[in-house]
Chemist: 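Please see the structure below; I have some questions.
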Amino acid sequence: MGAITILPTFLSANKLLVFVCLIVLSLKEGYATAEAESHTIHVASLLPSSVCTPPATAKGLDKKSSLQVIHKHGPCSQPHEEKANIPTHVQILLLDEVRVKSIHSKLAKNLGSVNVMKKDAAANLPAKDGSVVGSGNYIVTMGLGTPKKNLRLIFDTGSDITWTQCQPCLRSCYKQQDPIFSPSSSSTYSNVSCSSAACTSLNSATGNSPGCSSSTCVYGIQYGDSSFSIGLFAKEKLTLTSNVVFDNFLFGCGQNNQGLFGGAAGLLGLGRNKLSFPSQTAIKFKKIFSYCLPSSPSSTGFLKFGNDGLSKSVKFTTLSTISGGESFYGITIIAMSVGGKKLLISASILAAGGAIIDSGTVITRLPPTAYSALRSAFRKQMNQYPMAKPLSILDTCYDFSKYSTVSIPKISLFFEKGVEVPIDARGILYVNSISQVCLAFAGNTNDFDVLIYGNTQQKTLEVVYDGTRRMIGFRTGGCT
Ligand SMILES: *[C@@H]1O[C@H](CO)[C@@H](O)[C@H](O)[C@H]1NC(C)=O
């Protein structure tokens, strides 16, 4: 302070103004580049750990309706998967592309512009372009039947029906980690009749007309990667936690199942159709659920139902509906920033094809115009690092093998209602190896394809879905 008061004796008023401005500017600039607008990362921390870190204080898990979330292929998934069954990063990204293509064609088809229906002889179901189970998925454990049997299910906000493999596996069951559910050993199992309203609802939930086998309703769902599940549509007691139990939960008891479910017993459908889990449990949970996807396969997150104990720091934006894709959760991204600077992309480019948030897509897909703006800003701020060859759909990769720490620009997504969502550092990079670390975003083929906010960029955020108030909320630091 003393220095400022004596300055006028040396400088004219005009010069003083310039001088003060320079100090302010340099402080601002120093702050911006040194800490606020970039992440400093220890390169060694980018490599996956082979040990499962149990939830430290289990903050989200002490609530009654909360389940632990683990990555399908990580060390927290017990018993350990054989190494040979774990897909490579190239396979994961390839499957992710299949899921994205099928979401795009489903939406395009429902708008009447393409017709891509095929007939699949083996399954005797149309090869549907619905969602793909994919490979970068997350798993929760739920109890089914009486006595209760624990089942590991992939949860998916992009589909509706909950199903599990069932005995007898009339045609085929793939290998799963838990024993296959046996309806005949449960006292609370019942079949759904062909004439019931629930059976008719399968049409909109699966995109296939239900079948009928000696007056029992038969469901069939086929995913875009030609995974499928066919079986009896049934009701059963579903146990979330010891004191949260649902009687007569409608689910698929799959007697013919094939596909890339990676040892999980089936799928938990968190979409918006009336047969989805949030809709069937709406009386208790008001279609509210939230999850936090862990930053790495060696840590755990949570999937919570209802708004009990919801943090006040969750910031909400509007949930919309995508025409032709009513099961999806629609969002509106209005801007993006890299290293604290907003990209010059018009909101109309980001809105051109609509946007959804999806728990099952790995890599966020942007309109190509927006992706190239993001990529050039990112590359510019990363120009001190040597680049590496592309990894599948990821075209901006770096070789960090000669560094112990690196500094990467922060990236934020901006939503309607002034909600800024900063992406966790581990949601910005996709690591194949230390010598091939890639920007974890990709472009769609066309600006009019739907933008998909994928699960890599959701890591460590608590994402809150409120289907009743039609809001979606985000909170940073939801899990580690
Ligand atoms: C359910 O339906 C199947 C096929 O019609 C039948 O084999 C099975 O016994 C039924 N189960 C019950 C509990 O009614």
Side-chain angles (χ1 to χ4, degrees), residues 119-128 130 133 141-154 159-223 226-240 242 244-259 261 264-269 271 273-277 279-281 283:
K119 207 70 181 164
D120 181 84
N124 230 349
L125 269 175
K128 281 251 326 141
V133 174
T141 300
M142 286 194 170
L144 192 68
T146 313
K148 155 183 100 101
K149 297 283 189 254
N150 281 341
L151 300 170
R152 261 165 275 226
L153 305 175
I154 292 169
S159 62
D160 296 298
I161 286 287
T162 297
W163 61 264
T164 186
Q165 300 201 97
C166 274
Q167 301 279 13
C169 296
L170 287 181
R171 286 262 194 101
S172 83
C173 282
Y174 58 83
K175 230 173 108 188
Q176 69 175 48
Q177 291 176 348
D178 305 303
I180 292 174
F181 186 74
S182 172
S184 62
S185 336
S186 170
S187 61
T188 40
Y189 176 92
S190 63
N191 285 329
V192 165
S193 84
C194 303
S195 55
S196 67
C199 189
T200 314
S201 302
L202 281 170
N203 260 319
S204 63
T206 63
N208 294 313
S209 315
C212 198
S213 159
S214 42
S215 79
T216 295
C217 182
V218 174
Y219 78 96
I221 182 157
Q222 178 126 359
Y223 304 92
S226 78
S227 295
F228 62 82
S229 173
I230 304 168
L232 303 177
F233 199 42
K235 286 183 200 170
E236 191 41 291
K237 185 165 169 171
L238 184 71
T239 304
L240 216 60
S242 52
V244 182
V245 177
F246 296 95
D247 291 322
N248 299 318
F249 182 79
L250 293 159
F251 78 108
C253 203
Q255 298 183 324
N256 184 12
N257 318 282
Q258 256 175 42
F261 303 105
L267 203 127
L268 173 66
N273 183 276
K274 64 178 166 192
L275 290 181
S276 73
F277 182 88
S279 300
Q280 286 198 57
T281 59
I283 289 180

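Counting starts at 1 for both ligands and their atoms, following the listed order. Along the sequence shown, the residues carry numbers beginning at 1. Here the structure is a predicted model, which means the values were calculated and not measured.
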Chemist: Checking the N or O distance criterion of under 3.5 Å, is ligand 1 in contact with Tyr189?
Modeler: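 So ligand 1 has no N or O lying under 3.5 Å from an N or O of Tyr189.
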Chemist: Cut-off 3.5 Å, side chains only: do Asn273 and Ser204 have a donor facing an acceptor?
Modeler: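 Ser204 and Asn273 do have a side-chain donor-acceptor pair below 3.5 Å.
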Chemist: Check whether any protein heavy atom sits under 4.0 Å from atom 14 (O) of ligand 1.
Modeler: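 Protein heavy atom within 4.0 Å of atom 14 (O) of ligand 1: present.
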Chemist: Against heavy atoms of Ser214, which atoms of ligand 1 measure under 4.0 Å?
Modeler: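 Those qualifying, in numeric order: 5 (O).
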Chemist: Looking only at protein heavy atoms, which one is nearest to atom 6 (C) of ligand 1, and how far off is it?
Modeler: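 Answer for atom 6 (C) of ligand 1: Asn191 ND2, 4.2 Å.
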Chemist: If I take atom OG1 from residue Thr206 and atom CG from residue Leu275, how far apart are they, to the nearest 0.5 angstrom?
Modeler: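 So the gap between those two atoms works out to 8.5 Å.
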Chemist: Is the SG-SG separation for the cysteine pair Cys217 and Cys194 below 2.5 Å?
Modeler: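 Judged by the SG atoms alone, which are 2.5 Å or more apart, Cys194 and Cys217 are not bridged.
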Chemist: Angle between ring planes, Phe251 versus Tyr189, binned at 30° and 60°: parallel, tilted or perpendicular?
Modeler: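 Phe251 and Tyr189: perpendicular rings.
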Chemist: Would you mind listing which atoms of ligand 1 come within a distance below 4.0 Å of any non-hydrogen atom of Thr216?
Modeler: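 Numbered from 1, ligand 1 contributes 1 (C), 2 (O), 5 (O).
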Chemist: Using the six-membered ring wherever Trp is involved, compare the ring planes of Tyr219 and Phe233 and label them parallel, tilted or perpendicular (cut-offs 30° and 60°).
Modeler: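 Tilted, since the angle between the ring planes falls between 30° and 60°.
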Chemist: Right, does atom 11 (N) of ligand 1 have protein non-hydrogen atoms nearer than 4.0 Å?
Modeler: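 Under the 4.0 Å cut-off, atom 11 (N) of ligand 1 does have protein heavy-atom neighbours.
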